[in-house]
Amino acid sequence: MPPATLRNLAAVVILALTLGAVWALFRVPLQQPPWTEKETGTLQSLWLGSLPPLPEETGNPVADDPRAQRLGHRLFFDPRLSANGQVSCATCHQPARRFADAVSLALGLAVGDFNTMSLVGAAYSPWLFWDGRRDSLWSQALSPLESPLEQGAARTSLARLVAADTGYRERYSELFGPVPDLSDRRRFPEGAGPNGNPESEAAWTNMTPEDRETVTAVFVNLGKAIAAYERLLLPGATDFDRYVENLEMPKPSPAGLSRRETEGLRLFMGKAQCLNCHNGPLFTNHEFHNTGVLPPPGRLPDKGRVSGVEVVLNEPFNCLGTYNDPPERNCAELRFARTGAELTGARKTPSLRNLGGTDPFMHAGQMRTIAEVLDHYNRARPAIVGHNEAKPLNLLPYELKRLEAFLLALDGPMAVAPEWLAPPADYSTMSPTF
């Protein structure tokens, strides 16, 4: 055989062996290094089984009362709690979307200012909304009811609905005592409230302080019943949680996560620095951080948590307010809330569980996909307002793909009975006016 032919044959053999080795590298799973004792402890801290019992909801004595849960369930899905009779809590917090929605900015009576945050696991958070302007689930539930961008209902109209609807009146009375008589239209004018249009606010101002208090007490109790229902909305186990459980078995198995997802988990815990903010079994520290997210097109940036903390400290429905029952309360979160210019542009850290059902992402839905979010953190460009706490990660494209694969492994069913994920079965007969 001529030397040239031998050389060509040898080159073909070497190329074949090289390609075979590369193919084997991608086909045969590589042995993952064992987790260290410290890493195992971190994994267990992220495991859903480490989630403690629900904390008490400050100021809400009916928070775990089944009767309040049933009343709140009805209120949550009732569009009559809006100015036009077409917008309910469930309009934006949709069960099929993990109690979020599929739009960038919440859409109620009008386009809102922020993306809808999921309510799943929200009962564990000491702060609600992207800027933390409420400090309890029940006070958060009150805000959309009166917001002109969301449900826009007048406070007297909401109280009168409870008084006029037989089903609501009976359920309310079981929990909070008799519904007050609001039939006198001169004392309790239709459409009066402190957060509406000028006519609504003027009608509210003309009411006596005692009559305003009567209406507000009913209004507050609606929020406490809605919060009782929302406390039932808890996350269920995911592939990640099953993976951590398997690590505790006498003969650990890789069941739960694929090789790609496990590599993404290692990045999550290490090079990607995700644990700085996304820690604990809900994958959030419930704190506020500026990560340089741009405002949506056509909108100016706002001050973020700086504005939110100012609002919550002066909010009449906060932990220190007179509507917080019982009057003996600690309110440490509120009294020691962080303030200062370093919170400019900071937003609440969202949970990373069930990301697949809560897109688009960020405080104004600026990013449609997880890949966009990861690219944002990988680059970590300077913030428009305040200081970007994040630093460039310099992850390679394949590392970003593995990290995304792990984040998707945090999707799972909710740990909620099916009947709570839809309007009440008897909803259509609850009231003859519905």
Side-chain angles (χ1 to χ4, degrees), residues 51-78 81 88-95 98-100 106 114 116-147 150-151 158 175-176 216 218-235 280-282 284 286-288 308-309 311-313 315-321 323-326 329-334 337 348-351 353-354 358 414-416 420-421:
L51 191 67
L54 275 172
E56 292 185 9
E57 180 165 52
T58 303
N60 188 359
V62 302
D64 298 303
D65 190 317
R67 297 171 300 174
Q69 293 165 354
R70 291 191 292 272
L71 174 59
H73 185 202
R74 285 163 168 75
L75 292 167
F76 188 90
F77 285 93
D78 193 342
L81 274 68
S88 70
C89 303
T91 298
C92 294
H93 297 288
Q94 302 165 15
R98 298 296 193 271
F99 287 84
F114 297 101
T116 300
M117 299 193 83
S118 171
L119 292 176
V120 180
Y124 282 92
S125 181
W127 308 108
L128 287 304
F129 293 115
W130 284 102
D131 56 5
R133 62 185 182 274
R134 294 291 184 274
D135 64 345
S136 69
L137 205 56
W138 68 263
S139 62
Q140 181 279 328
L142 296 175
S143 181
L145 295 177
E146 291 187 307
S147 168
E150 298 177 78
Q151 290 168 261
L158 292 168
L175 289 163
F176 306 111
T216 298
V218 177
F219 176 66
V220 165
N221 288 335
L222 295 184
K224 294 183 178 182
I226 292 172
Y229 164 66
E230 292 176 344
R231 282 169 64 84
L232 298 172
L233 308 179
L234 300 175
L282 292 178
T284 171
H286 302 294
E287 263 295 346
F288 300 86
V309 76
V311 172
V312 73
L313 287 172
E315 167 60 43
F317 303 130
N318 69 17
C319 183
L320 294 170
Y323 300 99
N324 207 30
D325 299 319
R329 47 196 176 264
N330 183 23
C331 302
E333 291 280 358
L334 186 64
K348 188 174 183 291
T349 303
S351 171
R353 287 186 176 269
N354 298 310
T358 58
M414 292 177 59
V416 184
W420 297 112
L421 302 179

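By convention here, the first residue in the shown sequence is residue 1.
- Side-chain contact between F76 and L71 is absent, with no heavy-atom pair separated by less than 4.5 Å.
- In terms of modelled atom types and a separation under 3.5 Å, the side chain of W138 and the main chain of T58 share a donor-acceptor contact.
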Subject >> Derivation of the side chain to side chain contact (heavy atoms under 4.5 Å, CB included) call for F99 and T116 >> reply: CA-CA 9 Å; F99 287 84; T116 300; over 6 Å; no

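- In terms of heavy atoms, A106 sits closest to C92 at CB-SG, 4.1 Å.
- Across every non-hydrogen atom of M117 and P350, the tightest pair is CE-CB, 4.3 Å.
- With a 4.5 Å cut-off on side-chain heavy atoms, N324 and F317 do not count as touching.
- Using a distance-only test at 3.5 Å, with no hydrogens or angles considered, a donor-acceptor pair links the side chain of T91 to the main chain of S88.
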**OP:** Could you go through the side chain to side chain contact (heavy atoms under 4.5 Å, CB included) check for L158 and L145 one step at a time?
**Re:** CA-CA 9 Å; L158 292 168; L145 295 177; 4.0 Å; yes

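- Minimum heavy-atom separation, Y124 to P52: OH-O, 2.5 Å.
- You'll find the side chain of L233 reaches within 4.5 Å of the side chain of M414, heavy atoms only.
- The aromatic rings of Y229 and H73 lie parallel to each other, with less than 30° between the two planes, well short of the 60° mark.
- Scanning all heavy atoms of the two residues, the minimum distance from R133 to V312 falls at O-CB, 3.6 Å.
- Contact check for L142 versus Y323: no side-chain heavy atoms found under the 4.5 Å cut-off.
- Put simply, CH2 on W130 and CZ on F288 are 10.5 Å apart, with the number rounded to the nearest 0.5 Å.
- Residues N318 and L313 come closest through the heavy atom pair ND2-O, 3.5 Å.
- In this structure, D325 and N60 have side chains that are not in contact, with every pair of non-hydrogen atoms separated by 4.5 Å or more.
- With sequence neighbours left out, R70 forms a salt bridge (charged side-chain N to carboxylate O under 4.0 Å, His left out) with no residue at all.
- The pair E315-R134 counts as a salt bridge, with a side-chain nitrogen and a carboxylate oxygen less than 4.0 angstrom apart.
- Within the 4.5 Å cutoff, side-chain heavy atoms of L334 are placed close to those of L320.
- Across every non-hydrogen atom of V120 and R98, the tightest pair is CG2-O, 3.5 Å.
- Looking at S125, its side chain never comes within 3.5 Å of a backbone N or O of L128 through a donor-acceptor pair.
- K224 places no side-chain N or O within 3.5 Å of a backbone atom of A68 that could act as its donor or acceptor partner.
- A donor-acceptor pair under 3.5 Å is formed between the side chain of Q151 and the backbone N or O of L81.
- Side chain of E230 to main chain of A122: no donor-acceptor pair is present (N/O by atom type, distance under 3.5 Å, no hydrogens or angles).
- Ion pairing between D64 and R231 holds under the 4.0 Å rule for side-chain N and carboxylate O.
- Between L175 and N221 the shortest side-chain heavy-atom distance does not fall below 4.5 Å.
- Checked by atom type and distance alone, the side chain of T284 pairs as donor or acceptor with a backbone atom of T349 at under 3.5 Å.
- Side-chain contact between S136 and E57 is present, with heavy atoms from C-beta onward closer than 4.5 Å.
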